[in-house]
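Notes follow the structure.
Everything quoted here is computed from the prediction, not taken from an experiment.
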Amino acid sequence: MNLNDLSTQLLFTTVPLWADLPSGNSSATAFIYNAFIDGKPEQSIPLLITNYHAVENATRVVVEFIEAKDGMPEVEKKLLVDIDITQLLKYFDKDLDLVAIPLGPLLNEREALGRPLFFRSIDEKLIPKDEVLKELSALEEIVFIGYPSGLRDDINSTPLIRRGITSTPVWNNFQGSNFFLIDAGVFPGSSGSPVFILNQGAYPTKSGLSIGSRILFLGVLSQTMLRSSANEVYLGIGKVLRSDHLSKFIQKITQSLTLAEA
């Protein structure tokens, strides 16, 4: 396994999530986000991010991590973690369809036991600035990581990598919302998946062809679009919350958490 490869690292940014809801059992995707504290770049708060609708009114929520050994994943050593329901919806935004779960206590506990967890995190350094967003093409190839219809590689404890294209420009607010659309064969279970532009080797810019690698965290997959009819049909179109709106949501949480610790 080549952990220096960007796409391989992306495999370990997500975890599967299962929820017991009034409507029945469901699955979704959650990802690890490392939130930096303003004015203290050496400090950060690890958070688990998923969609609010995936856990709303849940009576039980479970996620699965894998353990680490010598800096490598031990995929056969899985850890099911029950999320404390009383803490589950302390940090959420229903309009943005986001919920954040602090991971610090769990990670510290596993370190103290000598059985740390293996993961890779996303952070604000991967979020494109406005000037970068405006330079993107209307049509960009994207990838997203998750568990469509609950599918994954159980033996190797890895999610599925899906590819597609932007269906509306990232720099446009679709219908005046905080979202853009992707055409990527999106199915339930992918809710909460992080969406990226991942270029390896070369990629086009407004100045021409650039050589190298580029990774941009574009947003969070929130919803799959259905055709309105007597028989619902998936259109393969996904609704993605832009990552700059996620960043503002995260900033409010870090401020709240740091004030609570003061």
Taking side chain as C-beta onward, heavy atoms only, is Leu106 less than 4.5 Å from Arg110? yes
Would Phe31 and Phe217 satisfy ring pair (Phe, Tyr, Trp, His ring centres under 6.0 Å), going step by step from the backbone distance to the final call? CA-CA 12 Å; Phe31 64 91; Phe217 172 41; 5.8 Å; yes
Walk me through it: do Ser7 and Asp5 pass the test side-chain hydrogen bond (donor to acceptor under 3.5 Å, both in side chains)? CA-CA 6 Å; Ser7 62; Asp5 173 66; 2.4 Å; yes
Donor on one side chain, acceptor on other, Asp84 and Thr86, under 3.5 Å: yes
Can you see which heavy atom on Thr50 is nearest to which on Thr29, and at what distance? OG1-O, 2.7 Å
Side chains of Pro102 and Leu47, heavy atoms from C-beta outward: is any pair under 4.5 Å? yes
Compare all side-chain heavy atoms of Ile66 with those of Leu117 and state whether any distance is below 4.5 angstrom. no
Is there a chain of hydrophobic side chains (I, L, V, M, F, W, Y, each step under 4.5 Å between heavy atoms) that links Phe249 to Leu88? no
Cluster overlap Leu103 with Val62, hydrophobic side-chain contacts below 4.5 Å: no
Kindly work out whether a path of hydrophobic side-chain contacts (I/L/V/M/F/W/Y, heavy atoms less than 4.5 Å apart) joins Ile45 to Val63. no
Just how far is it from atom CG of Leu221 to atom CG of Leu241, taken to the nearest 0.5 Å? 10.5 Å
Measuring from atom CE of Met1 to atom OG1 of Thr8, what distance do you get when rounded to the nearest 0.5 angstrom? 7.5 Å
Verdict with supporting geometry, Leu89 and Val99, side-chain contact (heavy atoms from CB on, under 4.5 Å): CA-CA 7 Å; Leu89 295 180; Val99 61; 3.8 Å; yes
Separation of Leu6 CG from Arg214 CZ (nearest 0.5 Å): 12.5 Å
Could you go through Asn34 and Ser44, starting from their C-alpha distance and side-chain angles, then the distance that decides it, and tell me whether this counts as side-chain hydrogen bond (donor to acceptor under 3.5 Å, both in side chains)? CA-CA 6 Å; Asn34 198 31; Ser44 61; 3.0 Å; yes
Run through the side-chain heavy atoms of Ile, Leu, Val, Met, Phe, Trp and Tyr, join any pair under 4.5 Å, and report what else lands in Ile165's cluster. Leu139
Taking the side chain as everything from C-beta on, heavy atoms only, tell me whether Leu10 gets closer than 4.5 Å to Phe12. no
Flag the pair Thr13 / Pro194 as yes when at least one side-chain heavy-atom distance between them is below 4.5 Å, and no otherwise. yes
Would you indicate whether Glu74, at its atom CD, is surrounded by more than 12 heavy atoms from other residues, nucleotides or ligands within a distance under 6.0 Å? yes
Under 3.5 Å: donor-acceptor pair, side chain of Lys90, backbone of Ile101: no
Test item: Ser193 and Ile145 side chains (from C-beta on) under 4.5 Å apart, heavy atoms: no
OG of Ser177 to CG of Asp95, rounded to nearest 0.5 Å, is 11.5 Å
Measuring from Arg115:CZ to Glu109:CD, what's the distance to the nearest 0.5 Å? 11.0 Å
Would you say Ile32 and Ile83 are hydrophobically clustered, going by side-chain heavy atoms of ILVMFWY under 4.5 Å? yes
Leu133 and Trp171 have their tightest heavy-atom pair at O-CD1, 2.8 Å
Test side-chain hydrogen bond (donor to acceptor under 3.5 Å, both in side chains) on Ser222 and Asp97 and set out the steps. CA-CA 7 Å; Ser222 177; Asp97 195 19; 2.7 Å; yes
Side chains of Thr254 and Phe36: does their closest heavy-atom pair fall under 4.5 Å? no
Output yes when Glu64 and Arg152 qualify as a salt bridge under the 4.0 Å nitrogen-oxygen rule, no when they do not. yes
Ile155 atom CD1, over 12 foreign heavy atoms within 6.0 Å: no
Once rounded to the nearest 0.5 Å, what's the spacing between atom CG of Asp20 and atom CG of Asn25? 4.5 Å
Take a 6.0 Å sphere around NZ of Lys69 and say whether it holds more than 12 heavy atoms from other residues, nucleotides or ligands. no
With Lys94 as the cation and Tyr52 as the aromatic partner, state whether NZ or CZ is under 6.0 Å from the six-membered ring centre and within 45° of the axis. no
Glu124 and Tyr33 have their tightest heavy-atom pair at N-OH, 3.3 Å
Heavy atoms only: give me the nearest Ser191-Ala28 pair and the separation to one decimal. O-CB, 3.7 Å
Work out which heavy atom in Ala54 is nearest to a heavy atom in Leu21; give both atom names and the distance. O-CD2, 4.0 Å
Provide the closest heavy-atom pair for Leu96 versus Phe179 in the form atom of the first, atom of the second, distance. O-CZ, 4.2 Å
Check: Phe65 ring centroid to Phe119 ring centroid under 6.0 Å: no
Sub-4.5 Å side-chain heavy-atom contact between Val55 and Leu17: yes
